[in-house]
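The sequence lines fix the lettering, A, B, ..., with proteins before strands; numbering per chain opens at 1.
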Amino acid sequence: MSDLNVELPDGSTRAVAAGSTALDLAASIGPRLAKDAVAARVNDHLSDLTTTLRDGERVAIVTPASEDGRDVLRHSTAHVMAQAVTRLWPGAHYAIGPAIKDGFYYDFELPDGAHFSDDDLAKVDAEMRAIIAEDQPFARSEYSIDEALSIFKDQPFKIEIIEAVARGGSAADLAETGGDSLISTYTNSPTFVDLCRGPHVPRTSRLGHFQLTRVAGAYWRGDEKNPQLQRIYGTAWESKDALAAHLHQLEEAEARDHRKLGHELDLFSFPSEIGPGLALFHPRGGLIRRILEEYSRQRHEVSGYEFVNTPHISKAELFQTSGHLTWYAESMYPPMVLDDDQRYYLKPMNCPFHVLIYKSRPRSYRELPLRLFEFGSVYRYELSGVVQGLTRVRGMTQDDAHIFCTREQMAGELERTINFVLDLLRDFGLNEFYLELSTRPLAKSVGEDAEWEEAEATLTEVASKVGLDLELDVGGGAFYGPKISVQARDAIGRTHQLSTVQLDFQQPKNFDATYVAPDNTRTRPIMIHRALFGSVERFMAILIEHYAGNLPTWLCPEQVRVLGVRNDHDDYAYDVAALLKAQGVRTSVEEATEPLGSRIRKAKLEKIPYVVVVGNEDVEQGTLGINARGSNDPERGVTIGTFLERLRDEITAHASPEVPAWR
RNA sequence: GCCUGGGUAGCUCAGUCGGUAGAGCAACGCAUUCGUAAUGCGUAGGUCAGGAGUUCGAAUCUCCUCCCAGGCUCCA
């Protein structure tokens, strides 16, 4: 029997007997690997372990504790779920069920229009575990289009996919089926076969570390014009520990939820009387917000911005000229109609107003770049189902600026702006970034191709100069121009789109904005839209979650709380507080009407950076007992001068009392 | 907007078969004065999200509306 050689991931080659499968290869490397293996990557293509190897192929054995491995587990678990659902709901139609980040889902259409309820998750879970216990195989087969149509004759969604493939198919459909004229399927049992490209684990017994998480409605093929299917989401991992770690991560995210913390820390609320997506900021939330805004204003002033103010409503004419009524009327609050039929709209953005300020008199090239900044409150009629806490609201305040510059200044201004953004975000403790370039949305955009190309090229060039990774978001730009957005990673690894910088050739044209160039011609300026926080509300939400409510000292509404041990220490406590307040430290006193332990607990729950306790010793010696947030060891006998110095350094450095866990 | 699940005291929640609304925490009062994450006793607190219906009787059953959560779609 002649051997064949395959190349392993470490670059070495290995000889195996002709006709060997990927599993045989794994076994030849080691029994442990053969036991662990779930699939193989052959020439960069994920395949089943039963795949027969050919001479010269590059082969990597895929084990569960890898990205590929988890995808295979998740995808296989989705199939098990589909089988469970068809067992429990005979006649159910199953649509698609891919692996996704951290898990999987599968879409179904239940008989007689039935819906899943939360209680059904437990039933499906139990059935899935039964299937896993049966140790069914995942047996791959390939069929012609006609054979496949016959096998899936009772499954309309599968038929639709097969027919789409027969017509040439979309990439997504081809991915479901194997990608060429043959249709591949996986059979688990005589009663369950699914259309699938694979690969899958060899047997269902390899699965089991999963949890079904939620039921949801989802449109067939993601199109809201299509019927809505019933989706079940689950998470699946290679081991019990990995599953537990993931569930713990979810709990951590929940504990940090800004909606929960915002309520607990008395920062803001959303009374139902006002309506969805409209927040009230309470004194403490308002104070954080004021600090954010004042710091931002100060930085903008130094950076050459000028401050403007504009009204919240405008006649329709403004938004007709800007193009927003043409493109985005459905996302604007409906107009207020006056007696003389004049229509007024709440502003969904600030840019048209800033253009009018620009246009209020003739401009010279000597004035450019002109940078107009405003904390502008805008209102957008978001669909009721999408509003969420402070991150997706109907009324928000953007830290919005528009830079008017010449074409020659454009690249320089963009680079300057992105560096300014990153610098400001770092001051708030965000340190990990990448950039995303959003290009022309073909269905919804205006302007000439050449302009878009130039704009996109300029943004790409500027991005590369900044030295951060650049990802492409095809078609994600605004209707008037492409944008670069700064994506920031938070303390638990989630990424958030923060700042956006957009190039706009259209608005200056729509409003006929010009400047007088050195050669005395009237020339069109370029407009750069940019918001660094995005919205103040959303930025606050992200900071709250990033810090799990433990904001750096400079941002805390209350920085120090002073507690006397007994009533007769209260006077000294007030003296200490007065001293700190005189130095601009936000300080309060809670008198000794409750036991010390209880008052400390309350202050700790409020996440106040420093709880200062003063008793006899301190009164006598003029010292303090300091409890830093995040520490369980009180420091006794600290002098007021030392404490003040430490506070001042920390506030200047935008630091926290505790050592941040994410560094 | 669509799907699923929710809304009971300021908060977290219980409330059985349709039969006069419950607890803990918080608040308030009194007592307590204590050196590091919950002192004791007491008081008050409710149109059970809102509206309509069924019923002798509705937190509980039906319908409508509002709001919230998780998804889908959307996100200038």
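In this entry B/rU55 has no Watson-Crick or G-U wobble partner, no candidate having both defining distances under 3.5 Å. Base pairing of B/rC48 is not made with any nucleotide, judged by Watson-Crick or G-U wobble geometry with both donor-acceptor distances under 3.5 Å. Across all strands shown, nothing is found opposite B/rA14 as a Watson-Crick or G-U wobble partner with both distances under 3.5 Å. Base pairing annotation: B/rC72 forms a Watson-Crick or G-U wobble pair with B/rG1, both donor-acceptor distances under 3.5 Å.
Heavy atoms of A/F479 sit nowhere under 4.0 angstrom from any nucleic acid atom. Counting any heavy atom pair closer than 4.0 Å across all strands shown, A/E617 reaches a base atom. Backbone-only contact: A/Q230 has heavy atoms under 4.0 Å from sugar-phosphate atoms and none from a base. Residue A/G222 is classed as a sugar-phosphate contact, given heavy-atom separations below 4.0 Å to backbone atoms only. Using a 4.0 Å heavy-atom criterion, one finds that A/F270 contacts no nucleic acid atom at all. Using a 4.0 Å heavy-atom distance criterion, A/D223 is classed as making no nucleic acid contact. Note on A/H263: only backbone sugar-phosphate atoms sit closer than 4.0 angstrom, heavy atoms only; bases stay farther off. Within the 4.0 angstrom heavy-atom criterion, no nucleotide atom of any strand lies near A/L563. Note on A/R599: nothing from the nucleic acid sits closer than 4.0 angstrom, heavy atoms only.
Comment: A/R601 does not engage A/E594 in a salt bridge, judged by the lack of any side-chain N to carboxylate O separation of less than 4.0 angstrom. A salt bridge is absent between A/E127 and A/K123; no separation between the charged side-chain nitrogens and carboxylate oxygens falls under 4.0 Å. Salt-bridge check for A/E590 with A/K602: passed, with a basic side-chain N closer than 4.0 Å to an acidic carboxylate O. A salt bridge does not link A/D490 to A/R256: none of the charged nitrogens lies less than 4.0 Å from a carboxylate oxygen.
Atom name P, nucleotides B/rG6 and B/rG15: the rounded distance is 13 Å, in whole Å. Separating the P atom of B/rG53 from that of B/rU8 is a span of 24 Å, rounded to the nearest Å. On the C1' atoms, B/rC13 is 31 Å away from B/rC72, given to the nearest whole Å. On the C1' atoms, B/rU33 is 44 Å away from B/rA49, given to the nearest whole Å. Across the P atoms, B/rG50 and B/rU60 are found 10 Å apart, a figure rounded to whole Å. If you take atom C1' in B/rU16 and the same atom in B/rA26, they sit 29 Å apart, rounded to whole Å. Taking the P atoms as reference points, B/rA23 lies 14 Å from B/rG46, given to the whole Å. Distance noted for atom P between B/rG71 and B/rC30: 49 Å (whole Å).
The nearest heavy atom of RNA chain B to A/G597 and to A/E382 marks one nucleotide each, and the one closer to the 5' end goes with A/G597. Residue-to-nucleotide proximity on RNA chain B shows that, of A/R601 and A/G615, the 5′-proximal contact is made by A/G615.
Remark: A/K347 qualifies as a cation-pi partner of A/F353 under the 6.0 Å distance and 45° angle criteria applied to the six-membered ring.
Set against B/rC74, B/rA76, B/rU33, the side chain of A/S331 has B/rA76 as its closest nucleotide. Nearest nucleotide to the A/A478 side chain, out of B/rC74, B/rA76, B/rC34: B/rA76. Counting only heavy atoms from C-beta on, A/R566 has its side chain closest to B/rU33 among B/rG35, B/rA37, B/rU33. Among the nucleotides B/rG71, B/rC68, B/rC34, the one closest to the side chain of A/V387 is B/rC68. Listed nucleotides: B/rA76, B/rC72, B/rC67. Nearest to the side chain of A/P276: B/rC67. In the set B/rU4, B/rG71, B/rA76, the nucleotide with an atom closest to the side chain of A/R214 is B/rG71. Picking from B/rU73, B/rU36, B/rG71 the nucleotide with the shortest atom distance to the side chain of A/L383 gives B/rU73. Of the candidate nucleotides B/rA38, B/rU33, B/rA76, B/rA38 has the atom nearest to the side chain of A/S598. Distances from the side chain of A/Q228 to the nucleotides B/rG1, B/rA37, B/rG71 place B/rG71 closest. Out of B/rU36, B/rA37, B/rG71, the shortest distance to the side chain of A/N632 is found at B/rA37.
Of the listed residues (A/H324, A/Q507, A/Q506, A/Q502), just one forms a side chain to side chain donor-acceptor pair (under 3.5 Å) with A/Y480, and that residue is A/Q502. When each of A/R221, A/K158, A/R231 is checked for a salt bridge (Lys or Arg N to Asp or Glu O under 4.0 Å) with A/D107, only A/R231 meets the rule.
Side-chain N/O atoms of A/H115 include one lying less than 4.0 angstrom from OP1 or OP2 on B/rU4. The shortest distance between the side-chain N/O atoms of A/R259 and the OP1/OP2 oxygens of B/rA69 is below 4.0 Å. For the OP1/OP2 pair of B/rA49 and a distance below 4.0 Å, the side-chain nitrogens and oxygens of A/S272 include no atom meeting the criterion. Residue A/Y233 places at least one side-chain N or O under 4.0 Å from the OP1 or OP2 atom of B/rC72.
Look at CD on A/E537: it is 16 Å from C1' on B/rC75, rounded to the nearest Å.
Aromatic pair A/Y381/A/Y379: ring centres not closer than 6.0 Å.
Judged by atom type and distance alone, A/D618 reaches the base of B/rG35 through a side-chain donor-acceptor pair under 3.5 Å.
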